[in-house]
Amino acid sequence: MPFIKNVPHESVFDLAAQVSVQPGQVVSKTLAQNRHVSVTLFAFAKGEEIGTHDAAGDAMVHVLEGTGKFTVDGEAHLCKAGETLIMPAEKPHAVYAEEDFKMMLTVVFPE
C-alpha cells in the first residue's frame, strides 16, 4: 500500500494539474495523512476562503498557481506561484483567494 495516494507513482506529472478550480468552491485532494503529517492539494476559486483556524502542527503552504492571501496571527501575506509560507503551530491563520489559485499544504504534527 503506498504512503502517498491519489497521484501517479514512478512517473513525472504536473502537481498543479491534479486539482481543478471549480467556480464557487474550494477543492481539496489528500495525498497523505497520518498522525505525523498531512499533505493536501487545494484549488481555490477567486473569492473563496478558509476562515480563521489553527492547527496542532506547523503548516507549510507552497503556491503552485495564482496568488493567495494568507493571514497568520493577524498579519497578511500575499504568496504567488513558486512561493512558500510557514504558518506556525497553534497560531490562528486563514486563506483567501485573491484570484483562482492552487497550493499544496503540508502539516507536520508534533510527536
Side-chain angles (χ1 to χ4, degrees):
M1 180 171 134
F3 298 111
I4 298 175
K5 60 185 182 178
N6 298 323
V7 290
H9 282 221
E10 298 183 49
S11 62
V12 176
F13 64 94
D14 181 350
L15 192 59
Q18 302 303 303
V19 286
S20 298
V21 172
Q22 301 294 321
Q25 294 185 37
V26 175
V27 176
S28 67
K29 183 183 223 181
T30 301
L31 304 185
Q33 188 165 8
N34 60 46
R35 62 188 185 128
H36 300 290
V37 68
S38 172
V39 181
T40 309
L41 295 176
F42 285 91
F44 287 74
K46 180 179 179 177
E48 294 301 312
E49 64 186 321
I50 296 175
T52 303
H53 63 285
D54 63 24
D58 287 342
M60 179 175 69
V61 294
H62 180 80
V63 176
L64 303 169
E65 291 182 357
T67 301
K69 181 171 116 182
F70 300 86
T71 303
V72 182
D73 208 18
E75 184 176 345
H77 305 270
L78 283 180
C79 295
K80 61 182 187 246
E83 295 181 331
T84 301
L85 174 68
I86 306 292
M87 300 180 290
E90 300 182 8
K91 286 204 175 183
H93 56 272
V95 183
Y96 178 77
E98 293 278 318
E99 61 186 27
D100 288 354
F101 88 103
K102 297 178 183 181
M103 70 178 202
M104 181 169 64
L105 171 68
T106 303
V107 182
V108 179
F109 299 101
E111 292 285 330

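Heavy atoms only: backbone and side chains are in, while hydrogens, waters and symmetry mates are out. Residues take their numbers from the sequence shown, with the count starting at 1.
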Sub-4.5 Å side-chain heavy-atom contact between I50 and F44: yes
F101 side chain near E48 side chain, heavy-atom distance below 4.5 Å: no
4.5 Å side-chain heavy-atom contact, P88 and V72: yes
Pairwise side-chain contact, V107 with V37, heavy-atom cut-off 4.5 Å (strictly under): no
Smallest separation among heavy atoms of A56 and P110, with atom names: O-CD, 3.4 Å
T40, V19, L105 screened by side chain to side chain contact (heavy atoms under 4.5 Å, CB included) with S28, the one that passes: T40
Rounded distance (nearest 0.5 Å) linking atom NE2 of H93 with atom CG of D73: 11.0 Å
Side chain to side chain, T84 and V61, heavy atoms closer than 4.5 Å: no
Taking every non-hydrogen atom, the tightest pair across S20 and V27: O-CG2, 3.5 Å
Heavy atoms from other residues, nucleotides or ligands near CZ of F13 exceed 12 (cutoff 6.0 Å): yes
Note, C79 side chain near H62 side chain (heavy atom, < 4.5 Å): no
Nearest heavy atoms of E99 and G66, plus distance in Å: OE2-CA, 3.1 Å
Beyond-backbone contact of V63 with E65, side-chain heavy atoms, under 4.5 angstrom: no
